[in-house]
There are 2 protein chains.
Amino acid sequence: MDIDDLAQRIQSGDRRALARAITLVESGRADHREMAAELLDRLAGSGRQALRIGLSGTPGVGKSTFIESFGLMLTGQGLRVAVLAVDPSSARSGGSILGDKTRMERLSRDRNAFIRPSPSQAQMGGVARRTREAIALCEAAGFDVVLIETVGVGQSETMVAEMSDLFVLLLAPAGGDELQGVKRGIMEIADLILVNKADGALKETATRTCADYAGALRLLRKRAQDPEGFPKAITVSALEEHGLERAWDEMQALADWRREHGHFDARRAEQARGWFEEEVHLGLLARLERDPALKARMAELGAAVAEGRAAPARAAAELLAALEGR
Amino acid sequence: MDIDDLAQRIQSGDRRALARAITLVESGRADHREMAAELLDRLAGSGRQALRIGLSGTPGVGKSTFIESFGLMLTGQGLRVAVLAVDPSSARSGGSILGDKTRMERLSRDRNAFIRPSPSQAQMGGVARRTREAIALCEAAGFDVVLIETVGVGQSETMVAEMSDLFVLLLAPAGGDELQGVKRGIMEIADLILVNKADGALKETATRTCADYAGALRLLRKRAQDPEGFPKAITVSALEEHGLERAWDEMQALADWRREHGHFDARRAEQARGWFEEEVHLGLLARLERDPALKARMAELGAAVAEGRAAPARAAAELLAALEGR
């Protein structure tokens, strides 16, 4: 594979080249990892920046319909939109979200949109790396907006929030006790809550639900990187394509405010630094893993610590001494 | 220092030996770290288990008064209580919480209580390690309850929650807008919210505040490791020593339920495994830090990544290649 050629084609907006490059970053093979690292390094500093929007919503909330309507509204404004799916559960179930592109038939045919399903075999660590590398590829390919979609499984929302500029939570109208369905910690990371299905018979319930969430959000302390009024809860109808422009306006207003106050770039720099440290960490661990005897010793020591038979610091020292001895 | 002797004296409940051992784990000196690791390893598997209770509350909420009243109630029941303070801000301010033991005059004179102020010079990573090692020492010394007190600074609450069996949030009565003072994410990790100062003129406000928090807690999804009704909010008065027994009953009920359902031990095992991996990580990083050239290269590469000039994976690969070359 000619990395130079691939890099150029990605930057010229070639969608097949982009798809191939994402397949490359998804691979766990050592030679593929090396090529992926080289490609990403070549594309770093392209100066292109998309707005990275993390989006979460439980099944049944109308997420596909929302992404389709919202994506088409954006492409209708002349913007290029990439949609990436993150679904760590598909490692177990074998399925994948966005696996069936017919769920977003119109958007997938739009030449200003790029939709990429979640791969079906990665573990969480791999999902994080693959996703942030795929985001970097989409940015280099000149997309204006990268939507990172996730289902509410395990730590996937926190992970997606940590690689996004904004985090949006899509919720369904619900009464009283059902509000409990919002997972602990998720409300805290949302910049914008969209209560979907504000149409037909559910319109009134959606309005009430939205007020409840707005009330709950007011109980939380304002973050330094947020302007007055954020985080915010508003109603939308993906089906009737209502409220989508307001949602986009709110996202832009928040992003603009953060840009003006330096929070946007500061956050990105902090994220990048964190990824670098994580890569160093993964690389050091990979060195341990490559040695079967060390790997076995690490598993033994980990079990001893978990069972309270050994203290963490001493067990770690023993493992590192074994590493020095190699 | 005779580690064997120190270990024996700690296990026999010698408070001066315990204080000396905590000073040892607080030290950053390489030889002290080695001795600390050996001591902790010798004490591992003592089979002694305290209930580890994380406690957070903003200044002015009456935390010292609460700890004194609550601690005395526990020692009055024949229980031995250790209080450890975690204050990462003291690294900057030079001050320390619990620095003035006169804040808890009666408890500090109680021979079944042990109070340890926060050291004034540690960084966050060091604070985490020092605190979990101090907890392990207090457990080996046979304390029944270890209270880990923190102020609401930065990530200290999450850190304390991650090394506790239960996390308790102490809040003051407040009206309407003041409820916003609860930091994002903190409500999510609380097992029990105690609204203090439910006495005198504030009694009614405290009751109303408590109902507000209870309502907010109901908006959050129940965790698998919680019985019905948790997380819970109740009122207490540390001053009038009212509601303290109920608070203790609630903590025990939750701990018992988690023990019966296996969540208690599972959580501890997971915590211990996490600490081991963190120690391995810190040990590997220490190897990089020990080499001035590698350390300088890591700083350069980190800056390049933060500024978008280099991709994280490639920068990490370069650093690891430099490490291999040594």
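All heavy atoms count here, side chains included; hydrogens, waters and symmetry mates do not. Proteins come first, then strands; the chains are lettered A, B, ... in the order of their sequence lines, and each starts at number 1.
A donor-acceptor distance shorter than 3.5 angstrom exists from the side chain of A:D41 to the backbone of B:A311, with no hydrogens or angles considered.
Among B:H281, B:E34, B:Q271, the residue with the largest count of heavy-atom pairs under 4.5 Å with chain A is B:H281. When each of B:G274, B:A272, B:A303 is checked for heavy-atom pairs under 4.5 Å with chain A, B:A272 comes out on top. Each of A:A136, A:G308, A:A304 has some count of heavy-atom pairs under 4.5 Å with chain B, and the biggest count is that of A:G308. Contact tally against chain A (heavy-atom pairs below 4.5 Å) for B:G47, B:A36, B:A306: the top residue is B:A306. Of the residues considered (A:L320, A:L319, A:L43), A:L320 shows the highest number of contacts with chain B, using heavy-atom pairs under 4.5 Å. Between chain A and the options B:R268, B:M298, B:R42, B:R132, the largest number of non-hydrogen pairs under 4.5 Å is found for B:M298.
The shortest non-hydrogen separation linking A:A313 to B:E133 is CB-OE2, 3.8 Å. What you find for B:R273 and A:V305 is that their closest heavy atoms are N-CG1, 4.2 Å. Of all heavy-atom pairs spanning A:E279 and B:A316, the tightest one is CB-CB, 3.3 Å.
Both the backbone and the side chain of B:E38 come within less than 4.5 Å of a heavy atom in chain A. With a 4.5 Å cut-off on non-hydrogen atoms, B:A317 does not touch chain A at all. B:R33 touches chain A through its side chain: at least one heavy atom from C-beta onward sits under 4.5 Å away, while N, CA, C and O do not.
Enclosure of atom CD in A:E270 is not indicated, since only 12 or fewer non-hydrogen atoms of other residues, nucleotides or ligands lie within 6.0 angstrom.
Atom CD of A:E307 sits about 11.0 Å away from atom CG of B:D265, to the nearest 0.5 Å.
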